[in-house]
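Starting from 1, each residue takes its place in the sequence as its number. Since we're looking at a predicted model, the values are computed, not measured.
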Amino acid sequence: MTSRRTSTTIPSACLPCILLGLCLLSFMRSFPDFIVTAATPSCSLSKENCRELAALNLNLNISFSNTAKASQDFGHMYHDRPSAIIYPSSAQDIVAIVKLAYFSPNNLTIAAKGAGHSIYGQAQALHGIVIEMSSLKGIEVGVHGFGEAAVPFVEASGGELWIDVVKEALKKGMAPRSLTDYLYLSVGGTLSNAGVSGQAFRYGPQISNVLELEVVTGKGEIVICSKHQHADLFYSVLGGLGQFAIITKAKIRLHHVPPKVKWVRAYYSDFSAFTKDQEMLISQGRENSFDYIEGSVLVKGKDVNSWKMESHTLEDVNSNVTIESDAPVLYCLELTKAYFERESNLIGKKLNSLLERLHYLPSEVSIIDASYLGFLDRVHDKERDLRKSGLWYTPHPWLNLFIPKSRIIEFDAWVFKKKLSGGINGPMLVYPLNRNKWDSRMSAVTPSEDIFYAVGLLGYASPRSAPTAESLMDQNSKILYFCRTKSIEYKQYLPHYVNLDEWRTHFDRLWPRFRERKLRYDPKAILSPGQRFFFLEEQNSFLNQIMVHLKEVM
């Protein structure tokens, strides 16, 4: 038998089709099955999924009816209702739920919800599943490592609140090195973002103080990870906005803390002096600086009357005070110095030596004594007031930014002194952070300068008068527009974007790494749909470019 080779001539008219096929093949190889099956915000829970969930032989509670509460968050602006709420009793329960979604043909999505303090629906899952992490309990204080390398830690379930973590650690005379100003947030929630406050200048954000994580990936794999074990996953999850895995446990580094603090407020009318003092303080060692450094902007005639200068007790801190100044706004520098009872005779002298280096308004300083926990939990009193007034339940179009040190004077001149000189019906924070306390291997992003400022515009919409949610959101848009037109390298903290180009700009050169990690750990885009990454837009954009090119060729 003889063989015969057949040659085929390809018509030139088919070449564009072949080009399209080759391009698509190359594209699909670079984006595995997650791109084809990527979940959209309109994914749904089928009747079959509901039956499968109900049939899972697990020790968990499932609600298919009372799901409206999972469409609420602190922001009160997005209301994406899920099809089911899961209350897990263990990480294995979460594994089962994620695997069900992973093998579902219905693009099923899952959102892990902690304290529900998201602003723009980041912990919601339209027609998907919300996992109520608060049902996972467990806090234990221990020691990590041996000998001189031993490090005290607290291990907490992802749904535990930081207030409970702090209280448990304080029983041993210790506390996490870095916290948030508001402690009624979940461990998994803040570690998925970063966790910043006035302690972060020295110890970095909360994500810089994690020793180990237990997580469930988007493939339904439970993994113990640290900087020594599954390091890429460890760094991906920290600040990863919930896109790679669900945090079920975290080991957090602790340090020994004194039981009392001197709580200082100093006032400035000169923003340049205000920032120079802060920058000087965050560059000093522990003995030559304060333990907590945070600044805020005060609107004349409103915020400026909220503190009593000569106050000496925690209960008196909300008494009125009058400060004489012609400045359009004032600035408050808030500081603490922790001390033991045995240091009571020396702490005053130490405090005076620290304060005499500062350039606040003459005689405009208040110093009060507080317990360590009393200071850390100070915002909780404000929460009670907001609940009573109804403002806790109104929309909160908050805007949190990181602004480079080199542009903060310009930012102040237009934003604080002009745009927001009338106030925002809420706090305005501004304080510096050291970039060298952040690990670039983590998913959280910051400006490229060595020092950048955390700016928090935490306005509350009024239920009966101005400002409205719309006016606050318009204000935010104008501030972002100002930053873009002035080429200020800002980064949103707790970011909220509405299209893929904005997310690419946010991550900048780190976007390819973020996308690759998503492909590796959550290839079907199951987790955290409320972040609205819209990965499918990338595919559609690519296909549109191909089609435009083909039309030109043909």
Side-chain angles (χ1 to χ4, degrees), residues 179-182 196-201 261 263-279 281-282 290-309 311 317-323 325 327-336 355 358-361 364-368 370 375-383 385-386 391 396 398-403 405 408-409 411-433 452-460 472 475-476 479 493-494:
L179 290 160
T180 51
D181 287 324
Y182 180 66
V196 295
S197 75
Q199 299 161 318
F201 76 95
V261 301
W263 181 1
V264 180
R265 286 191 178 98
Y267 297 87
Y268 294 72
S269 59
D270 184 341
F271 187 75
S272 178
F274 173 68
T275 54
K276 285 180 180 178
D277 279 357
Q278 289 193 81
E279 289 163 17
L281 290 173
I282 72 166
F290 291 89
D291 303 312
Y292 174 98
I293 300 171
E294 198 166 287
S296 58
V297 183
L298 308 179
V299 177
K300 193 174 180 181
K302 294 182 180 179
D303 304 315
V304 74
N305 291 323
S306 64
W307 296 302
K308 185 176 181 179
M309 303 306 294
S311 172
V317 77
N318 291 320
S319 300
N320 288 341
V321 64
T322 299
I323 298 176
S325 174
V329 294
L330 292 176
Y331 309 95
C332 175
L333 182 55
E334 192 165 25
L335 312 160
T336 69
L355 289 173
L358 305 182
H359 302 86
Y360 51 87
L361 290 170
E364 300 295 359
V365 62
S366 70
I367 303 174
I368 63 175
F375 173 75
L376 292 181
D377 195 30
R378 66 201 180 282
V379 180
H380 194 44
D381 290 333
K382 295 293 185 183
E383 176 191 337
D385 294 339
L386 291 169
L391 288 178
H396 307 128
W398 288 4
L399 179 64
N400 292 276
L401 301 173
F402 292 152
I403 303 294
K405 168 189 167 182
I408 195 64
I409 298 291
F411 186 91
D412 165 70
W414 191 83
V415 177
F416 294 137
K417 286 189 172 71
K418 292 183 179 179
K419 190 66 181 172
L420 304 182
S421 61
I424 59 172
N425 200 35
M428 294 185 283
L429 307 178
V430 53
Y431 56 95
L433 299 171
F452 59 90
Y453 277 76
V455 174
L457 306 178
L458 314 182
Y460 296 82
L472 288 172
Q475 203 169 63
N476 292 344
I479 292 169
Y493 176 59
L494 310 177

How would you list, by chain and number, every residue that makes a side-chain hydrogen bond (donor to acceptor under 3.5 Å, both in side chains) with [X], sequence neighbours excluded?
X      : result
Glu294 : Tyr292
Gln475 : none
Tyr182 : Glu383

What are the two closest heavy atoms between [X] and [Y], and how far apart are they?
X      : Y      : answer
Trp398 : Leu458 : NE1-C, 3.2 Å
Ala327 : Leu330 : CB-CD2, 4.3 Å
Val365 : Tyr360 : CB-CE1, 3.9 Å
Leu433 : Ala454 : CD1-CB, 4.1 Å
Leu457 : Met428 : CD2-CG, 4.1 Å
Tyr460 : Leu472 : C-CD1, 3.8 Å

So [Y] and [X], do their side chains get closer than 4.5 Å, heavy atoms only?
X      : Y      : answer
Ile293 : Leu333 : yes
Gln199 : Leu376 : yes
Phe290 : Leu355 : yes
Ile408 : Phe271 : yes

List the steps and the verdict of side-chain contact (heavy atoms from CB on, under 4.5 Å) for Leu281 and Phe201. CA-CA 9 Å; Leu281 290 173; Phe201 76 95; over 6 Å; no
Side-chain polar contacts of residues 416-424 - donor-acceptor pairs under 3.5 angstrom, sequence neighbours left out - could you list them?
unit_1: Lys417; atom_1: NZ; unit_2: Tyr331; atom_2: OH; d: 2.9
unit_1: Lys417; atom_1: NZ; unit_2: Asp412; atom_2: OD2; d: 2.3
unit_1: Ser421; atom_1: OG; unit_2: Lys418; atom_2: O; d: 3.2

Quick one: pull up CD1 in Ile409 and CZ in Phe274 and give me the separation to the nearest 0.5 Å. 10.5 Å
Sorted by chain and residue number, the side-chain contact (heavy atoms from CB on, under 4.5 Å) partners of Leu494 (sequence neighbours excluded) come out as Asn193, Asn400
List for me each residue that meets side-chain contact (heavy atoms from CB on, under 4.5 Å) alongside Asp277, sequence neighbours excluded, and say none if there are none. Tyr268, Leu358, His359
Given side-chain contact (heavy atoms from CB on, under 4.5 Å), test Val196 with Tyr431 step by step and report yes or no. CA-CA 11 Å; Val196 295; Tyr431 56 95; 4.0 Å; yes
Hits for salt bridge (charged side-chain N to carboxylate O under 4.0 Å, His left out) against Asp181, two or more places apart or cross-chain, chain-then-number order -> Arg378
List for me each residue that meets ring pair (Phe, Tyr, Trp, His ring centres under 6.0 Å) alongside Phe402, sequence neighbours excluded, and say none if there are none. Trp438, Phe452, Tyr493
Could you work out, with ring pair (Phe, Tyr, Trp, His ring centres under 6.0 Å) as the rule, every residue matching Tyr453, not counting sequence neighbours? none
For Ile367, does its backbone N or O pair with a side-chain atom of Trp263 as donor and acceptor, under 3.5 Å? no
